[in-house]
Amino acid sequence: TIFTLFLKKGWLKTFATLSFLTNTKINFISKRLFFFAISLFLILASIFTWMQKKDKIYGIDFAGGQIQEYRFKKPIEAVRLRDMLKNANIADAVIQQFDKYPENVIIRTPEDTVDKVSAELKKNFSDNPFEVLRIEKVGPIVGQALRKQALLAIIFAMAGILLYVGFRFKHFDFATAGIIAIVHDVLVTLGFVIMSGRQVDLLVVTALLTIAGYSINDTIVIYDRIRENMVKMRKSSLGDIINTSINETLSRTILTTFATLLVVFSMFFLGGEVLNTFAFCIMVGFIVGTYSSVYIAAPLVLLWDKNKK
């Protein structure tokens, strides 16, 4: 709307975006089998790690646990609270605070620790009275139900993307390749999260859905250019068209990912403990998603083309 207004008013005569890596002629298609092998290895490694750790990978949301919320008279430091819990052998606790209400603290633990935590708080913060706002327990049955719902959310999201891309490009080869790339991104990102010793909770599922949306958006930009070049380069093979399209959009792909990662890096380093795993997941997913858009999604279209060269 703003661009249209500027154009009508004559305030915007020309518009150009920052670009680099212009006129590149990288043969991405020739390296497709090598990168397919790398991706297959990463997927298998992720699945193996998942199967090896089994239920240990799940956070409180999926495995069950306890949520305790306290309100102190004066704000307290999360670092001091974390050290206190570690000294009391409650090492798996996750602490959450809010900038607007620094006197409120949420403590998440995998087991029932309310008596132990309350005793430690009274002992270490005797000069700072507190009140208990809520004590909630997430049982294993609820955790299993949430796991099932999270899986369904991802499946429905994939199905929606498959239909959207299929109808948009009037060809399900593009859509299927895009979905395979998204499944690749989700599995590889999940593998990195598990290998780094982090737990999978609802925030991670949120991150995975975000990654799916970001990845398919990046892929669609390349697909759009392929569709345009299929008209302009009718005498060229599909392999040449895909190579040209990826090279033409390479600058945009890298710049967009870099700009987005600046925000994610800020969340990772400054967002606190609660957002750390979410930001880590997004960070890995965006890098993997950019890689898959270039080396997996577009080259996959070539695999089932009858006239591939």
Using a 6.0 Å cut-off, check whether atom [atom1] of [X] has over 12 heavy atoms from anything other than its own residue.
X	atom1	result
Glu228	CD	yes
Lys31	NZ	yes
Glu77	CD	no
Arg234	CZ	no
Phe192	CZ	no
Ile2	CD1	no
Met195	CE	yes

Next item on the list: Starting from the C-alpha separation in whole Å, work towards a yes-or-no answer on ring pair (Phe, Tyr, Trp, His ring centres under 6.0 Å) for Phe72 and Phe125.
Entry: CA-CA 9 Å; Phe72 289 81; Phe125 297 95; 5.6 Å; yes

Notebook entry, point to check: Pick from Thr189, Thr260, Val263, Val264: which one makes a side-chain contact (heavy atoms from CB on, under 4.5 Å) with Ile282?
Noted result: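 Answer to the side-chain contact (heavy atoms from CB on, under 4.5 Å) test with Ile282 among Thr189, Thr260, Val263, Val264: Val264.
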
Notebook entry, point to check: Listed by chain and number, what are the side-chain contact (heavy atoms from CB on, under 4.5 Å) partners of Tyr295, not counting sequence neighbours?
Noted result: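 Counting only residues at least two positions away or on another chain, Tyr295 forms a side-chain contact (heavy atoms from CB on, under 4.5 Å) with Phe28, Phe35, Tyr291.
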
Next item on the list: For Gln96, enumerate each residue passing the side-chain contact (heavy atoms from CB on, under 4.5 Å) test, keeping only those at least two apart in sequence or located in another chain.
Entry: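 Counting only residues at least two positions away or on another chain, Gln96 forms a side-chain contact (heavy atoms from CB on, under 4.5 Å) with Phe98, Ile106, Arg108, Val274.
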
Note to self: Whether the Gln68 and Ser118 side chains hold a donor-acceptor pair (N or O, under 3.5 Å, no angle test) is what I'd like checked.
What the structure shows: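 Side-chain D/A pair, Gln68 to Ser118: absent.
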
Notebook entry, point to check: Between Asn229 and Thr244, is any side-chain donor less than 3.5 angstrom from a side-chain acceptor?
Noted result: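 Short answer, no.
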
Next item on the list: Decide yes or no on side chain to side chain contact (heavy atoms under 4.5 Å, CB included) for Ile241 and Lys232, but give the supporting numbers first.
Entry: CA-CA 9 Å; Ile241 292 171; Lys232 296 177 183 177; over 6 Å; no

With no hydrogens and no angle check, is any side-chain donor or acceptor of [X] less than 3.5 Å from a backbone partner on [Y]?
X	Y	result
Asn104	Arg71	no
Gln97	Ile76	yes
Ser292	Gly289	yes
Ser196	Val193	yes
Asn243	Asn27	no
Ser215	Ile211	no

Side chain proximity check, [X] to [Y], heavy atoms < 4.5 angstrom:
X	Y	answer
Leu208	Cys281	yes
Leu81	Ile107	yes
Ile220	Phe174	no
Leu238	Ile242	yes
Val188	Ile43	yes
Val204	Phe278	no
Ile90	Met84	no
Glu120	Asn87	no

Check: How far apart are the closest heavy atoms of Gly239 and Leu302, and which atoms are they?
Finding: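 Taking every non-hydrogen atom into account, N-CD1, 3.6 Å.
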
Note to self: Looking at every non-hydrogen atom in both residues, tell me the closest pair between Asn124 and Arg80 and how far apart they are.
What the structure shows: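 So the two residues come closest at O-NH2, 2.8 Å.
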
Item checked: Partner set under side chain to side chain donor-acceptor pair (under 3.5 Å) for Thr257, not counting sequence neighbours ->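 Thr257: side chain to side chain donor-acceptor pair (under 3.5 Å) contacts with Tyr214, Thr290.
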
Next item on the list: Go through the structure and list residues passing side chain to side chain donor-acceptor pair (under 3.5 Å) with Asp112, not counting sequence neighbours.
Entry: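 Per chain and number, Asp112 pairs via side chain to side chain donor-acceptor pair (under 3.5 Å) with Gln66.
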
Next item on the list: Can you run down the salt bridge (Lys or Arg N to Asp or Glu O under 4.0 Å) pairs that involve residues 179-202, sequence neighbours left out, and say none if there aren't any?
Entry: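 Not a single pair qualifies under salt bridge (Lys or Arg N to Asp or Glu O under 4.0 Å).
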
Margin query: Once salt bridge (Lys or Arg N to Asp or Glu O under 4.0 Å) is applied, what residue pairs with a partner in residues 246-258 remain, sequence neighbours excluded?
Written below: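 For residues 246-258, and leaving out neighbouring residues, the salt bridge (Lys or Arg N to Asp or Glu O under 4.0 Å) pairs sorted by first residue read Asp218-Arg252, Arg225-Glu248.
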
Margin query: Would a single hydrophobic cluster contain both Val117 and Val132, if residues Ile, Leu, Val, Met, Phe, Trp and Tyr are joined by side-chain heavy-atom contacts under 4.5 Å?
Written below: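 Yes; tracing contacts between hydrophobic side chains, which count when under 4.5 Å, links both residues.
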
Check: Under a 4.0 Å N-O cut-off, is there an ion pair linking Asp83 with Lys86?
Finding: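 No.
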
Notebook entry, point to check: If you measure from CZ on Phe269 to CG on Asn276, what distance do you get to the nearest 0.5 Å?
Noted result: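 Phe269 atom CZ to Asn276 atom CG measures 9.0 Å (nearest 0.5 Å).
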
